[in-house]
Amino acid sequence: MAAALLANTLYSLGFVLEKRALTALPEVTIRQPARLLRLVLGSPLWIGGSLALAAGFAAQLVVYRTLPIAAAQGIFVSGLVLLVLLSARLLGEETSGRERYALGAILLALLMVVLSLRDGSDTVSQDAPYQLILLVCVPSLAAGVWLYASAERRTRNRHRRPTTGVEYGVAVGLLYGVSSLAIKGVSSRLTTHGIGGAVLDLLSSPYPYLLLFTGVFGLVMSQAALQRCRASLIVPVCTTVTSLFTAVLGTLSFGEALPDEPLRLALRVTGTALAVAVLLTMPKHDTAPQPSPPAKELASP
């Protein structure tokens, strides 16, 4: 629990810092990935956000070794509350009434998942068939890239209403869902005795290569989308898709059993399903005013 809450805090802080850094940079696009990387790597604020995300990744490894996938995802979704609060405080992003209702649903979902946990009674799986993992991950990666490209084409239409970033969030969420399964797989490979054996075992699995693909493409896609859309909307959508993808397909792939007791099972399933309400209640078109950049960013060089 402590590691999951720490991961939430680091991820939320990392996204907000990256968003703040991106508002001060020229427009970036996935069609120029080298330029995008050059711009963000030249921003100390963006690097700070990335380090926070990397620390959150390390905390997530600990979580997957101690909690079942479905329970971990329910707790990770709670980070959306902190993200929205930080976005309002540090980025000046306003949330609508519908978005505040969604936050209430997230808190209720977290409470249900936490109440469904019981020490020593939940199975934490450590392995999954590689063929099954690839069968789940490869089509999901293709769908995420295709959906993002489609959203990019629609965004270039000048007569289209401003988008909130739901399409971008779903696309990146699919990639991060695959990344989350790969993180779970990496955590299971690290249980091998001996550093040399653990490294060889890890390199013979598909997990580091899935992480490499999702890391590169996820970085480029998420930064371009984050610059265009409000962090308080695109990140919750991305997180909800990632959590749902990981909780459902990850639990099935790694063969982790749900609670046997009817009450705990109802709490676990209902809490996970309620998290989906966040995605369903998010508006697709942005009606909230975009925050103005700080005065120094408006000044002429």
Side-chain angles (χ1 to χ4, degrees), residues 10-11 13-58 60 91 137-158 160 162-183 186 203 206-231 233-235 237-239 241-242 290 293-294 296-301:
L10 292 169
Y11 278 136
L13 181 62
F15 278 122
V16 168
L17 290 177
E18 286 188 349
K19 171 65 178 179
R20 189 168 179 85
L22 286 165
T23 58
L25 296 178
E27 183 178 359
V28 296
T29 173
I30 61 171
R31 290 173 291 176
Q32 297 176 316
R35 177 176 177 271
L36 184 153
L37 292 175
R38 177 174 56 81
L39 287 172
V40 297
L41 291 177
S43 169
L45 188 60
W46 186 90
I47 292 176
S50 298
L51 291 176
L53 292 176
F57 167 83
Q60 193 174 0
L91 302 177
C137 292
V138 173
S140 301
L141 292 175
V145 173
W146 175 83
L147 182 59
Y148 192 98
S150 299
E152 281 281 278
R153 288 193 296 269
R154 289 193 295 271
T155 302
R156 289 198 292 268
N157 184 351
R158 295 183 178 180
R160 180 177 174 84
T163 179
T164 58
V166 170
E167 299 94 336
Y168 289 118
V170 172
V172 178
L174 287 173
L175 263 71
Y176 284 165
V178 172
S179 179
S180 191
L181 291 187
I183 293 173
V186 169
L203 293 178
Y207 302 124
Y209 312 106
L210 288 174
L211 275 178
L212 179 62
F213 182 92
T214 55
V216 173
F217 279 82
L219 172 64
V220 175
M221 291 164 58
S222 64
Q223 298 311 302
L226 193 59
Q227 188 183 57
R228 296 187 181 94
C229 311
R230 283 188 288 147
L233 277 178
I234 187 172
V235 177
V237 171
C238 176
T239 302
V241 172
T242 299
Q290 293 291 329
K296 67 176 184 178
E297 295 173 6
L298 295 175
S300 301

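Residue numbers start at 1 and run along the sequence shown. Computed over heavy atoms, backbone and side chain alike; hydrogens, waters and symmetry mates excluded.
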With a cut-off of 3.5 Å and sequence neighbours excluded, list every side-chain donor-acceptor pair involving residues 140-148.
residue: S140; atom: OG; partner: V136; partner atom: O; Å: 2.7
residue: Y148; atom: OH; partner: M221; partner atom: O; Å: 2.8

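- Smallest separation of non-hydrogen atoms from G173 and T242: O-OG1, 3.0 Å.
- Side-chain contact between F217 and V172: absent, with no pair of heavy atoms (C-beta onward) separated by less than 4.5 Å.
- In this structure the side chain of K19 never reaches within 4.5 angstrom of the side chain of R230, judged on heavy atoms.
- For the pair V235/V16, no side-chain contact is recorded, criterion being any heavy-atom separation below 4.5 Å from C-beta on.
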Listed pairs under 3.5 Å, donor-acceptor, residues 39-53 side chains, sequence neighbours left out:
residue: S43; atom: OG; partner: W46; partner atom: N; Å: 3.2
residue: W46; atom: NE1; partner: Q223; partner atom: OE1; Å: 2.8
residue: S50; atom: OG; partner: E18; partner atom: OE2; Å: 3.0
residue: S50; atom: OG; partner: W46; partner atom: O; Å: 3.1

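- Listed for the Q227 side chain is a donor-acceptor partner under 3.5 Å among the backbone atoms of P26.
- For the atom pair OG of S180 and CG of L175, the computed distance is 12.5 Å after rounding to the nearest 0.5 Å.
- Partners of T214 by side chain to side chain donor-acceptor pair (under 3.5 Å), not counting sequence neighbours: none found.
- Heavy-atom minimum distance, I234 versus Y168: CD1-CB, 3.7 Å.
- If you take CG on L36 and CD1 on I30, they are separated by 9.5 Å, rounding to the nearest 0.5 Å.
- Side chain of Y11 to main chain of F57: a donor-acceptor pair is present (N/O by atom type, distance under 3.5 Å, no hydrogens or angles).
- Taken to the nearest 0.5 Å, the CZ atom of R35 stands 9.0 Å off from the CG atom of L25.
- Between S179 and L210, every side-chain heavy-atom pair lies at or beyond the 4.5 Å cut-off.
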*Before giving the answer on side-chain contact (heavy atoms from CB on, under 4.5 Å), spell out for R228 and T29 the whole-Å C-alpha distance, their side-chain angles and the decisive distance to 0.1 Å.*
CA-CA 10 Å; R228 296 187 181 94; T29 173; 4.2 Å; yes
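- In terms of heavy-atom proximity, L211 sits nearest to A182 at CG-CB, 3.7 Å.
- One distance of note links CD1 of I183 with OH of Y176; it measures 10.5 Å at 0.5 Å rounding.
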